[in-house]
Amino acid sequence: MIDRMATDMPDCFSPHAEFFPQVIFERALHPVKTAVHGAPGVTGAPGVTGVTGVTGVTGVTGVTGVTGCDSLPSGGPVAILPDTLPPPLPVVTPGDVFGPVSELCTSTAPPQIAPRDPFSGAALYQLSVLGMGIAYCCLLYYFRGAVVALGRMLRGKLYTTMLLEQANHTFMLFMNFTTVLGLVTGGVSIARLISLVLPADQAQTLPWWIGATAVPMIVGLLALIMLYRYVALRAVGWLTLCGDLTGRLWALRRMAAALCTLVIIPPLVLLPLGEGTMFYVMAALVGLLWLAKGVFIQHKVYVLFISEDISILHWFLYLCTVEIFPLSLPLAVLWRTFG
């Protein structure tokens, strides 16, 4: 192919032609004779040096052996192209692409998830709260008359005495049901109190089974305290031959506790739904209701002691033996463990 191209070339392309450089530049620079541009495929032309400004030579391949063109004639027309770079591209900002209010994300790290509370996040705690709400609704539906009768305790001593004397089977069933519900309420309240008071880093170091079984263990502990109080009152009544008085005292205490339980359950069930300030307001409300429960029970017991002409000293001994002593033991254990 190279030989064929060599034979087809005009004599001016002969390597022995003296006017070879002049012809090349005339054809390259004349606008009529040649209109070629972009020089792909120009290969095999070693030795051609000093040639500047020659553009638009296309389709010429296989030209080898062209030497002796180290200089150009000084008088010929030479096109000098400026040796410049194209202008830089404009900088595109995120606002140009996504809008003026967009901004560059500085961090792609996933958000930190707070660790789950071992007490209030346990499955048994959540099931207890759910069951407590369902049981409360069933209690109000099936024992409406007993709830109304129990509310009459707030009117005075006469209604309380009538309720103690006229309690029927339905009312006693309601009292048993409310007593169990009150134990669960106490277990949920204490578990939630521990989760609020205990620091988060210390709570995460506890064994998993403590948080998972906190509510059943607290309910069992409260049941033991209740059993101790019942046995202590019965023992005192048997020793002092005042079994009737201690029996009425126990029944009065149960009714006062049941009435307070019905008041505490609604905010306690709604407590997990609160967030931020509302949560702490509801938690403070639950705490105040528990404090009011204790004051209400002791007020009813004190009125009973006064109505039976029992000295204040016996009431004080009752407080120390039946009310304070069984609570001091678990509180001391909790203080030594987490204090």
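Every value quoted in this text rests on a predicted model; they were computed, and no experiment measured them.
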T178 and M255: side chain to side chain contact (heavy atoms under 4.5 Å, CB included), yes or no, with the steps?
CA-CA 9 Å; T178 311; M255 288 190 298; over 6 Å; no
Parallel, tilted or perpendicular: which one describes the rings of Y302 and W315, with boundaries at 30° and 60°?
perpendicular
Hydrophobic cluster membership, F279 vs L273, 4.5 Å side-chain cutoff
yes
Interatomic distance, CG@N176 vs CZ@F171, rounded to 0.5 Å, equals 10.5 Å
Look only at the side chain of K300 and the backbone of M153, and say whether a donor-acceptor pair between them is shorter than 3.5 Å.
yes
So, for D201 and T205, which heavy atoms are closest and what is the spacing to 0.1 Å?
O-CG2, 3.3 Å
Assess R144 against Y142: is NZ or CZ under 6.0 Å from the centre of the six-membered ring, and within 45 degrees of the ring's axis?
no
So, do S128 and V219 sit near enough that their side-chain heavy atoms are less than 4.5 Å apart?
no
Is there a side-chain contact between T321 and Y228, using heavy atoms and a 4.5 Å cut-off?
yes
Set out, in order, the CA-CA distance, both residues' side-chain angles and the distance that settles side chain to side chain contact (heavy atoms under 4.5 Å, CB included) for M282 and L270, then state yes or no.
CA-CA 8 Å; M282 296 180 66; L270 298 177; 3.4 Å; yes
Do R253 and M226 have side chains that get closer than 4.5 Å, going by heavy atoms?
no
OH of Y230: more than 12 outside heavy atoms within 6.0 angstrom?
no
Determine whether V236 and V322 satisfy the following criterion, side chain to side chain contact (heavy atoms under 4.5 Å, CB included), listing intermediate values before the conclusion.
CA-CA 10 Å; V236 171; V322 179; over 6 Å; no
Between S328 and F325, is any pair of side-chain heavy atoms under 4.5 Å apart?
yes
Taking I310 as the starting point, is it possible to reach L313 by hopping between hydrophobic residues whose side chains are less than 4.5 Å apart?
no
Could you give me the CA-CA distance, side-chain angles and deciding distance for L271 and V188, then say whether side chain to side chain contact (heavy atoms under 4.5 Å, CB included) is met?
CA-CA 11 Å; L271 183 61; V188 171; over 6 Å; no
Atom of M217, atom of I210 and distance for their closest heavy-atom approach:
CE-O, 4.0 Å
Within this structure, what is the CG-SG distance for the pair L249 and C242, rounded to the nearest 0.5 Å?
11.5 Å
If you compare all heavy atoms of Q298 against all heavy atoms of L319, which two are closest, and at what distance to 0.1 Å?
OE1-CD2, 2.9 Å
Check whether any side-chain heavy atom of T185 sits under 4.5 Å from a side-chain heavy atom of Y136, and report yes or no.
no
Connected via hydrophobic side-chain network under 4.5 Å: L183 and V269
yes
Looking only at heavy atoms, which two atoms of S189 and V286 are closest? And how far apart?
OG-CG1, 4.5 Å
I'd like to check T246 versus Y318 (side-chain heavy atoms, cut-off strictly below 4.5 Å). Are they in contact?
no
Which distance, rounded to the nearest 0.5 Å, do you find between the CG of L289 and the CD1 of I264?
5.5 Å
Same cluster (ILVMFWY, side-chain, under 4.5 Å), L173 and W250:
yes
Quick one: CD1 on I265 to CG on L181, what's the gap to the nearest 0.5 Å?
3.5 Å
Measure the CG-CD1 distance between L329 and I225 for me, rounded to the nearest 0.5 Å.
8.5 Å
Under a 4.5 Å cut-off applied to non-hydrogen side-chain atoms, are Q126 and V215 in contact?
no
Could you measure the distance from the CE atom of M132 to the CG atom of L268? Nearest 0.5 Å is fine.
4.0 Å
If you compare all heavy atoms of L222 against all heavy atoms of G187, which two are closest, and at what distance to 0.1 Å?
CD1-N, 3.8 Å
Heavy-atom closest pair (I218 atom, I194 atom, distance to 0.1 Å) is CD1-CD1, 4.5 Å
For the hydrophobic clusters of this structure (ILVMFWY residues joined by side-chain heavy atoms under 4.5 Å, transitively), does one cluster hold both W290 and L285?
yes
T240 vs L245 side-chain heavy atoms within contact, under 4.5 Å:
no
